[in-house]
Amino acid sequence: MNTPLVSVLMTTYNHEKYLRQAVDSVLRQKTTFEFELVLGEDCSTDSTPVICREYEALYPGRVRVVTGSENVGWRANYRRTFDACRGKYVAFCDGDDWWSRDDKLQRQVELLESNPRAGMCYTGFTNYYEADGRSVPDTREQYLDFDRLLLSMSVCNCTAVARRDLVEVYYNEVQPHNHPEWLTDDAPMWLWFAAKSRLCALPDDMAVHRRLPDSVSHSTAYRRRMAFCDSLMDISEYMDSRYGGRRNRFRIRRHRSSVALWVLSFNGGLKEYIERWTLDMRNTPLLALCPEGYGLLVKKILFRTGLRL
């Protein structure tokens, strides 16, 4: 196989129930160019390694497996899988997501090839809720600018195709391995791309993001959900400080607080709500002038006492 134009980066760990669907959706792509699938397998304890080797044997040169002798964790696995990618472009799809259109790669690469200043292209997507089998199209606006992406990350990892050389620059410049407190590597990468290049988007739903009931980003435990949202805003504040001149600092902190208080207006006790609100105002005194803290407190009290307006 000649050097591919596109490398599809797919990390996987204990995905035996989902991996075939993900891999098959990539291999079904109809393109006028060569592409490869690089499977980053992190010593799964189920049959995921067997499935990876099976595809590698069936599609020599097209599918390559990257692994090691011991589990290295999601961040290191992601990086070593990227390092193995050979294409000019890297497309992303986790082992539990899948692509729903067989022209996805072709259309995104054509758009990037015709827009040399664009560093990344993403598409619309559908959320699939594993717990009950619901499919819900994501209806958020597709943002292309740094300031709005800081507060609402509309890029879903399984929809993105990026220039490999820029991903390399991102890793060298931001060094996400030095930020173990970040609970995702996707958001900082796309924020960096928005700050350092142009983004483009296709509105069509071309991928499906599987929402598992107790993942880090979609946990049913409200404190875990809050921790993930707090981490996203930590990432946004870091990126705004480094690339945005801190012009969005208050907006980010207000959004962080509003999301947490919204969650706590439904969950936990009144004491937990007051403690979080007090902490946020101590860190950012101007939040005392924002109405949402007071309004959500009233809502919390009404729900706590069983009253309804």
Side-chain angles (χ1 to χ4, degrees), residues 6-15 18 22 37-44 66-68 71-85 87 89-97 119-123 125 143 146 149-197 199 207 209-212 214-219 224-244 252 256:
V6 180
S7 297
V8 181
L9 187 162
M10 182 179 292
T11 55
T12 182
Y13 178 74
N14 284 356
H15 284 157
Y18 319 119
L37 171 60
V38 185
L39 288 168
E41 203 291 306
D42 197 19
C43 295
S44 300
V66 176
T67 190
N71 180 276
V72 297
W74 63 271
R75 178 168 278 125
N77 186 40
Y78 207 88
R79 179 60 196 268
R80 73 181 176 188
T81 307
F82 167 76
D83 287 340
C85 292
Y89 299 102
V90 176
F92 300 83
C93 185
D94 292 335
D96 54 353
D97 296 332
M120 186 270 281
C121 174
Y122 72 106
T123 76
F125 67 97
Y143 296 134
F146 178 75
L149 284 169
L150 286 169
L151 299 186
S152 181
M153 177 50 64
S154 58
V155 183
C156 187
N157 188 61
C158 62
T159 72
V161 177
R163 298 186 188 274
R164 190 194 186 284
D165 59 343
L166 290 183
V167 178
E168 187 76 52
V169 174
Y170 160 77
Y171 274 121
N172 292 334
E173 188 170 301
V174 177
Q175 300 185 9
H177 61 275
N178 289 329
H179 295 277
E181 73 279 9
W182 293 354
L183 300 181
T184 176
D185 268 0
D186 302 344
M189 185 182 298
W190 309 140
L191 287 172
W192 183 89
F193 268 85
K196 305 289 281 190
S197 72
L199 306 187
H209 176 44
R210 190 188 305 270
R211 290 181 176 263
L212 300 173
D214 203 33
S215 64
V216 172
S217 56
H218 308 303
S219 177
R224 287 188 68 193
R225 293 201 309 274
M226 287 170 52
F228 185 76
C229 291
D230 283 342
S231 177
L232 287 178
M233 292 301 100
D234 286 341
I235 292 167
S236 291
E237 191 164 339
Y238 172 89
M239 300 300 284
D240 181 57
S241 174
R242 188 160 182 181
Y243 302 107
I252 293 168
R256 180 211 304 266

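Computed over heavy atoms, backbone and side chain alike; hydrogens, waters and symmetry mates excluded.
- Using modelled atom types, no side-chain atom of T159 and backbone atom of A207 make a donor-acceptor pair closer than 3.5 Å.
- Atom CG of D83 is separated from atom OH of Y78 by 12.5 Å, given to the nearest 0.5 angstrom.
- Residues S231 and W182 come closest through the heavy atom pair OG-CA, 3.6 Å.
- Within the 4.5 Å cutoff, the side chain of D240 has heavy atoms near those of the F146 side chain.
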Test log, rule side chain to side chain contact (heavy atoms under 4.5 Å, CB included), inputs L151 and Y143: CA-CA 10 Å; L151 299 186; Y143 296 134; over 6 Å; no
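- Of the inter-residue distances, the one linking Y170 atom OH with Q175 atom CD reads 10.5 Å to the nearest 0.5 angstrom.
- E173 is listed as a side-chain neighbour of R242, based on a closest heavy-atom distance under 4.5 Å.
- Between E41 atom CD and M10 atom CE the span is 13.0 Å, to the nearest 0.5 Å.
- Going from atom OG of S154 over to atom CZ of F125 covers 8.5 Å, rounded to the nearest 0.5 Å.
- In this structure, the ring pair (Phe, Tyr, Trp, His ring centres under 6.0 Å) partners of F92, at least two apart in sequence or on a different chain, are W190.
- A cation-pi arrangement is found for R164 relative to F82, the charged atom lying closer than 6.0 Å to the ring centre and inside a 45° cone about the ring normal.
- Shortest non-hydrogen contact noted between D42 and W74 is OD2-N, 4.3 Å.
- Separation of atoms CE (M153) and CG (L232) is listed at 8.0 Å; rounding is to 0.5 Å.
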Apply side chain to side chain contact (heavy atoms under 4.5 Å, CB included) to L149 and F193, showing your working. CA-CA 11 Å; L149 284 169; F193 268 85; over 6 Å; no
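- For the atom pair CE of M239 and CD1 of I252, the computed distance is 10.5 Å after rounding to the nearest 0.5 Å.
- Formation of a donor-acceptor pair under 3.5 Å by the N71 side chain with backbone atoms of C43 is not found in this model.
- Shown here for A162 and M120, the closest heavy-atom pair between the two residues is CB-CG, 4.0 Å.
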Do C93 and D97 pass the side chain to side chain contact (heavy atoms under 4.5 Å, CB included) test, and can you show the C-alpha distance, the side-chain angles, and the key distance before you say yes or no? CA-CA 6 Å; C93 185; D97 296 332; 4.2 Å; yes
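- Although no hydrogens or angles enter the test, the distance criterion places no donor-acceptor pair under 3.5 Å between the side chain of S241 and the main chain of E237.
- What you find for L166 and G119 is that their closest heavy atoms are CD1-CA, 3.7 Å.
- For the salt bridge (Lys or Arg N to Asp or Glu O under 4.0 Å) test, residues two or more places apart in sequence or in another chain that qualify with D230 are R276.
- The two residues H177 and R75 come nearest to each other via the heavy atoms CA-CD, 3.7 Å.
- R80 and N77 make their closest contact through NE-OD1, 3.2 Å (heavy atoms, listed as atom of the first residue, atom of the second, distance).
- Tested against I235 for a side chain to side chain contact (heavy atoms under 4.5 Å, CB included), the candidates D185, L183, L191 yield a single pass: L191.
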Determine, stepwise, if the pair V155 / D186 fulfils side chain to side chain contact (heavy atoms under 4.5 Å, CB included). CA-CA 9 Å; V155 183; D186 302 344; over 6 Å; no
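- T81 places no side-chain N or O within donor-acceptor distance of the main-chain N or O of L9, the cut-off being under 3.5 Å.
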